[in-house]
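What follows is a short report on a single structure.
Reminder, nothing fancy here: chain letters follow the sequence lines and each chain counts from 1. Nothing here was measured: the structure is a model prediction, and the numbers come from that model.
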Amino acid sequence: MKLSSIKYMAVASLLTLGMTSCEKYLDKPTEDNYVADGYYKTDAQCLAGTAYLYNSPWYDFQRGFIKVGEVFSGNYYWGSSPYMSFTLNGSDQDLINMSYSLWAVIAHCNTVYDYLKASSASEAVKNQCMGECLTWKAMAYFFLVRSFGDIPIVHNTSEELAAGTYSTAQKVKRADVYEYIVMTLEEAMRILPKTPLEKGRIDYYSAEGLLAKVYLTKAGVTGQLSSEDLQNAAKYAKDVIDNSGRSLLPNYSDVFRLQNNKSEESLIAFRWSCINGEWTAQNTLQSDLMANGFDEFGDLWGGWNGISVDLQNAFGVDLTTQSPDTWINNVDTRLKATMMLPGFKYEYFWQDHDMGGGQRGFDYLKFIFDDVYNPSVQVTDGQIVCQSATGSNTVKHLYGDDYDHVTGTGHNASRMSYSLATHILRLSDVYLVYAEAMLGANRATTTNKDALDAFYAVRHRAVPNYEYPTSLSWSDVWKERRLELAMEGDRWYDFVRVSYYDPDFCVNELMNQKRNALWNVSDAYRTYYQTGAWPGGIAYDDQTAKPTVNSLMKTDPDTGKKYFFMPFPSEDVVFNANLGSNVDGIHVDVRSTYSY
Amino acid sequence: MNLNCSKEKILAGVCSITLLGISPQALAGGGHSPLPLEQQQATKKITGTVSDAMGPIIGASVLVKGTSTGAATDFDGKFTLNVKPGATLVISYIGYVTKEVKTDARNAYDITLEEDKKVLDEVVVVGYGTMKKSDISGASVSLGENAMKGSIITSLDQSLQGRAAGVTAVQTSGAPGSSSSIRVRGTATINANAEPLYVIDGVIVQSGGATAYDYGLGDALGNGTVSTISPLSTIDPADIVSMEILKDASATAIYGAQGANGVVLITTKHGKAGDAKFSYNGMVAVNRQTKRLDMMNLREYADYYNGFVAQGEVQNPSASMSDPSLLGKGTNWQDAIFQTAIQHSHQVNVQGGTEKVQYYASAGYMNQEGTIIGSKFDRLNFRANLDAQLKSWLKMGASISYSETNDDLKLADGDEGLIGYSLTTTPNIPIYDVNGEYTSVSSEGSTNPNPIAMAKMKDILLNRQKMNGNVFFEVTPVKHLVWHTEVGFDLNWSKGDRWEPTVNLPNYYVQKNSSSLQKNSSTFLQFKNYLTYSNTFAEKHSVTAMLGQECWESKYDFVSSANTGLPSNDVKNPKLGADVPTINAGFGSSSMASFFTRWTYSYDNRYNATYTYRYDGSSNFGPENRWAGFHSVAASWRFNNEQFFKPLENVISNGKLRVGWGQTGNASIGGYKWGVSLSTMTSDLGKGYRPANIANTSVQWESQEQWNVGLDLGFFKDRINLVIDWYRKESKDMLMELKLPSTMGTQGNASSKLEAPWGNYGTIRNTGVEITLNTHPLIGKFEWDAEFQISFNKNKLVKLTGNSASDVPLPGYGQWSDLVSLTRVGESLYSFYGYVTDGIYQDLADIESSPKPSSYSSNGVWARNSNVWVGDIKYKDLNGDGIIDENDRTNIGSPLPKYTFGFTNTFRYKNFDLSIFINGSYGNKVGNYTKMKLTHMNSSWTNQLKDVNDRALLVPIDANKDYSAGVDRGDGQLIWHWYDDITNIRVQNAGTSMPRLSLGDPNDNDRWSDRYIEDGSYIRLKNISLGYTFPKKMIKSLGLESLRVYTNIQNLVTITGYDGYDPEIGASTQSANVFGLDNGRYPSPTTYSFGLNVSF
């Protein structure tokens, strides 16, 4: 080998070595998706960038939404759930998921808000989208403060991350959190358009309606109802009622149908979609709430639970003493739209099924007992039985079967995945907020026409023969809210806000609820199904001891009053000792500490 | 043929591969083409016999040195050749030391070959080259063919268990072909991949994905970051000749950024010169689950159910269960879910070649049923390896392998796994109804589908194909210098298939079937060049210098489609679905570029020193942090070669002291963590995009430093060998996801939360000692080899940064978000974290005088289903504040063993060989998560362990108290039974530690506590095998050259205090950062096998 060969070899090697030193070879950002750098520039990008705030971060909240809102409050029976017996502890799965979800909403809203701030899109679109971020953030805080009491405020996620203060952040007193929510909604209203840029999106009146409800809730947080807060609640609610241009749908049950996902009555809603099959984009409540066989996907396990006897009674239904004629002829159209009872038929479910007599639709009794109509009937000890321990299943949050889904939305549902919107703030809620706020701090009976109008609008839609009232009491509104908003995840929070100033009333009402199951439901239903004659014989289970709510009450160190709270997820205390159940919130002057 | 010309051409070809464009002329050296001499001289005929200790060798190659003349021995080991006087014969045979015999006046030669036991001992594979074992200063361990031969393994990683000091291998599952968690010298990182780097013949093995999500199977196998799918199960262990496990940093540093978790170098079989030699290896095995958990039978279950009725927990008695004495044993779901499973495997290979060209080719097939019904694994594989000495200065090698595997997977563990369902489904439900159809019964609070129906009807299928291999050239342009250039590739294709049929069972009623299919493909290409210079100066100074470059690029893509509503269950193709199909697709790539060098110097076989350096750039990091360098140095002293050691020569035959220090890194966190990528999320407002994570632009390499001190000692001519290593390795800037309280929005469903930033947040230190003692107590006619190895490792999280509070720990969750373990600063990883129990509340006075749990009544009114109650578990108030709350949790045990060991004894007498392999683990705790579900007593429709018969039995203090008119409990509400009156209840069996039954469980008796922590230490007769090798004389008439039959029993006996199926648990397939948590892990079976090795 000659020297020249070695030389060339060396050159060759060096060249080879040099070949790969190329930086470009190592530059590999995500290739099959957009990256945040360079996104949020155009109007379309901004709108697509906030669309998911209406569903995905809220996904894990769904079960807690029902369990807290409806099971706690005595509207819904759920077997041996701790929400039935007020035995919630900080490691409860649904509680943890609910909390994860609400904090995720806040983190997403903060993050997207920051991106939008730097966006070069049009002012109108930026305002729409930033307003959405703020309203959803306020919504999440509103659920959090009512659920857990004192909680930390994460005003700016990235700043808090950079500062590293997240593991020492302090809880903030409820009153200050409410002030922060008000402040956030005020900013949202400042920038949101009066009519949304796209149907179904949040607008000025969505935020204002929410603000009214926040004021009504906040009003009692000091232990006494605040007239000023109530006046604010009334003022904002009235503006929505008078100026939003929105009105109630004529037919109550229409509100909850797929076709009306974006109806004008819906001010704020979770806008689920199962179109692309992305997990967390979809509604899964039917799976938790309905019995197997109702849809095609084998994804239903909620049939054993059902509408509580107490809610049945609130609607005037008593299965232990009445016969079907009584409830079939119940004047309140909300009854059938809220709960299934023997004899009820639904033309909007199972539109592809023959329920007899050439009619298409869903017949609850037939569903339970006819194994041709529903091959998935429940057989126990050789007999077909009704799964629901209270003899009734919910109607709200159900979409029906796949045919109904396609009819309503144009696309298929799939396993644990459907596109039915979940309404969080409806116009009728704002009407009732207004009526209640108008009763004032002493909760006196009123004859104020505006208050009566609002109340009448809500009740008259549901009960066509309801006559214009001469006066309105606090308990009228209290009862009406339960009927109007039953199963909509709201009732427990009514108890929470009243517990701020009148805990004894709340404890008393909860202790006197009929939260247990019914006996002999299956036998009575079966005979009725087979013979058409109602045999009676259903009895309320008065043997199961009443639960106590005393372990879910906390004393406010400032007022000395007890109020309802839920334990903060105990997992979190390992990251931040200040989140422990034994730590109370501190006072923060939110207006001077935070700004938008 | 013109030699010069060919040299040019070939070199030009090699160079063109490297795109150098070098001028061929430049390399044209002088040379003369010699005439074949043998034709010019007279020859004579000679004969000979080639044999070994056991008899003649058939097919040995006998070559005349320097010529192409040669012959192969016949059935009697005889050969005949014409040779010129004075020629040298080269006799070679696979597995034997090649011998040279100079011919002389004789015409007949008796040649005896010696088995080549030393080949592997002497030269070992190190990264980018080989080294004499005696020169190595680092810590590495070899696993030869024999070690693997002893056990029945379907996946390579399984063979590492108990065989190599410093390597902890825990099988993740007992499913066929499933993976193992391999930790080399303890776990050195969190979240970033902690498995070692596998390199087959120089090519980095691509896994194709770690979880079912990667293959498009979604959550079908759980939500963890590990799964039971083994990337190594695609490789046939029968093709492997040896594995080198590089442990300390001086050995692994040459792999730089990829070496932090250790490196496993796998060498496949290569041919040896000689006549073609065929072999067949076959095995048939039977796998069984021998253990059953002690569940209640129907009679006991009925008793238990009636207990709920008696305490008012369940209002209506069950007619069928009111008189347990009339009942039989009911369904044993455990017996139903487990099957006796058959496994068989076959491999044929052929190898041989000439002095210049050698080949090895093999084909294998394996089929294994799992012990859970419906689970299956099979593999078909081919391999061809070729080595050719093209020119005196040019060597070429090529290898290619292809394999196809099919997994029939089942979800065994987790809340919705078959194991869990088979345990909790009650014995009053039959498997089949009177018509022979599956039954499926649902009851309030229990919606278990029939697990047998589920196992048999749902499909989770994974088909994988893998092709990998390499082509290399070694050019020796001048003496002492070798240029190695190599292209390696690893191509993977997979098809993941999920199928859910229509099911027409009550409670398990699915009217729409669904089918989904995902196809993945990935391409890994690796190109490397390195120059090695080795020379010895003045006979004492031996130097090797290596300088090299490597780069690789990996690309992946996938497409999937899914649909529902197929008209029938016959053909499973999403295309047939009636509904709107969903499609998904993705692609991406990553790359790495590296430069490296290694310098070794050895003086007089006494002093050795090695220095390595590697400079790596990875696409996983942002532009400012892309590159990092890693150094290592090591030195060793062979003191037995010193003059002053001569007198001890007969006692100490080998003595080497090794000291090493080095750096390695870790980059495996996935791409683009330095930026924010958007993922799609559709809402009713249209297609949307969501930020998936919080960025950390400064994320960079995890680096690791390791010290190693080792001592190799051989006594009495290596009859006793002892290797002791001490190490300390510290991973700094550990790559992990920042741990944040949920208030930052970084927890929950992966597609709804905001993923916390990845960064360099922690420091972990592993310190340990490894001892291997290798002895040959008996030699001669009756041989006994004994090898014992034991590994001690201490693991500590030294610090975490990135948080203002310095001790924010790392959580590990059971199912979903149930906190079960916590890694805290100053403690070892993954310690279980929970409450400490303190007996059972005996009566109201006991409750009132004890620290108060959260369900304590705040107003003196007590309810059985809302408040803490008599018979509930009392927990310790560890912080002494009088309240039992989440602040009273503590470290309740570590799942990491204090030491693991393996002990192999091999006995040989005449043609018999017997091998007994025992392994074990000491000091590790197991979290029995399954037991939590099987003793919770909060549902009347869930079967439980017999242990619940010892539950706290409540009885009235005053049985005569009258409740017929109702008794005010304190808030105006009336109670009607003694069991609702807390003032009138006591525990009958005062000594019990099992709580009362309670549907609501207000005291949360099944919270994670020391109740479920068990000692997971075990000692296991892992393997016992007995073989017989037939004498050659006997099989000669059959035309066979060798024949060995053996029988083998694996996992025959396990001695452990653990209550569950199997104490060997490993990493959780359900969530990250959890180790040793038994959530229904697929237990490892006992395997009885019979095998046959034959060659001809």
Side-chain angles (χ1 to χ4, degrees), chain A residues 1 5 8 12 16-17 20 26 28-36 48 51-52 54-57 59-60 79-80 85-87 89 96 100 103-104 107 164 166-167 271 273 275-281 292 296 298 301 304 376 412 414 545-548 550-551 570-573 575-576 581, chain B residues 18 20 22 26-27 444-445 447 478 509-512 529 549 551 564 579 582 586-588 593 617 619 672 676-678 681-685 688 690 741-745 747-749 751-754 803-805 808 817 819 855 857-859 861 863 865-866 885-886 973 980 999-1000 1002 1004:
Chain A
M1 183 70 66
S5 318
Y8 276 102
T16 318
L17 295 173
T20 50
L26 295 176
K28 305 263 185 195
T30 299
E31 294 166 15
D32 57 350
N33 240 323
Y34 301 118
V35 296
Y52 84 99
Y54 289 78
N55 58 342
S56 164
Y59 178 82
D60 284 333
S80 53
S85 49
F86 306 112
T87 54
N89 54 60
I96 291 172
Y100 282 174
W103 290 110
Y166 45 81
S167 51
R271 307 220 169 271
S273 171
I275 290 185
N276 287 312
E278 293 125 342
W279 193 255
T280 71
N292 203 4
E296 293 90 339
W301 39 80
W304 298 94
S376 182
N412 294 99
S414 60
K546 294 190 184 232
T548 63
N550 51 36
S551 65
S570 56
E571 320 304 325
D572 276 317
V573 72
F575 302 111
N576 180 354
S581 57
Chain B
T18 63
L20 293 177
I22 184 169
L27 286 159
E444 181 170 356
T447 51
V478 289
Y509 180 65
V510 185
Q511 271 172 284
K512 283 211 176 196
N529 286 279
Q549 153 279 338
C551 60
T564 53
D579 303 331
T582 50
F587 45 87
S619 67
Y672 203 58
V676 175
S677 51
L678 300 181
M681 186 57 70
T682 308
S683 80
D684 206 11
L685 300 168
R690 62 184 285 273
S742 65
T743 50
M744 297 306 286
Q747 295 197 53
N749 223 307
S751 57
S752 63
K753 70 177 182 183
L754 207 51
N803 297 73
S804 56
V808 170
S817 56
L819 185 73
S855 54
S857 168
S858 59
N859 60 359
V861 178
N865 49 1
S866 301
D885 64 10
E886 68 275 13
Q973 305 286 342
D980 282 322
L999 290 186
D1004 201 10

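Using a 4.5 Å cut-off between heavy atoms, B:Thr582 touches chain A through its side chain atoms alone. Both the backbone and the side chain of B:Asp579 have a heavy atom closer than 4.5 Å to some heavy atom of chain A. Only the side chain of A:Tyr59 comes within contact range of chain B, judged by heavy atoms closer than 4.5 Å. Residue B:Asn749 touches chain A through both its backbone and its side chain, counting heavy-atom pairs closer than 4.5 Å.
Between the side chains of A:Thr280 and B:Ser751, at least one donor-acceptor pair of N or O atoms lies under 3.5 Å. Side-chain contact of B:Ser677 with A:Asn33: a donor-acceptor pair under 3.5 Å is absent, judged by distance alone. For A:Ser85 and B:Asn865, the side-chain atoms include no donor-acceptor pair closer than 3.5 Å. Counting only N and O atoms by type, the side chains of A:Asn550 and B:Ser858 include no donor and acceptor under 3.5 Å apart.
The two residues B:Ser752 and A:Ser56 come nearest to each other via the heavy atoms CB-O, 3.0 Å. Among all heavy-atom pairs drawn from A:Ser581 and B:Glu886, the shortest one is N-OE2, 2.6 Å. Residues B:Tyr509 and A:Ser376 approach most closely at CD2-CB, 3.1 Å, considering heavy atoms. The shortest heavy-atom contact between B:Leu685 and A:Ala51 is CB-CB, 4.1 Å. When all heavy atoms of B:Met681 and A:Trp279 are compared, the pair lying nearest together is CE-O, 3.6 Å. Summarising the geometry of B:Thr682 relative to A:Ala281, their closest heavy-atom pair is O-CB, 3.3 Å, with the distance given to 0.1 Å.
Of the inter-residue distances, the one linking B:Asp684 atom CG with A:Tyr54 atom OH reads 11.5 Å to the nearest 0.5 angstrom. B:Lys512 contributes atom NZ, which lies 5.0 Å from atom CG of A:Asn412 (distance to the nearest 0.5 angstrom).
Proximity of a side-chain donor or acceptor of A:Thr87 to a complementary backbone N or O of B:Pro1002 within less than 3.5 Å is not detected.
The candidate with the highest count of non-hydrogen atom pairs below 4.5 Å against chain B, out of A:Ile275, A:Asn576, A:Val573, is A:Val573.
Looking at B:Gln747 and A:Asp572, their side chains come closer than 4.5 Å, going by heavy atoms from C-beta outward. In this structure, B:Ser742 and A:Glu571 have side chains that are not in contact, with every pair of non-hydrogen atoms separated by 4.5 Å or more.
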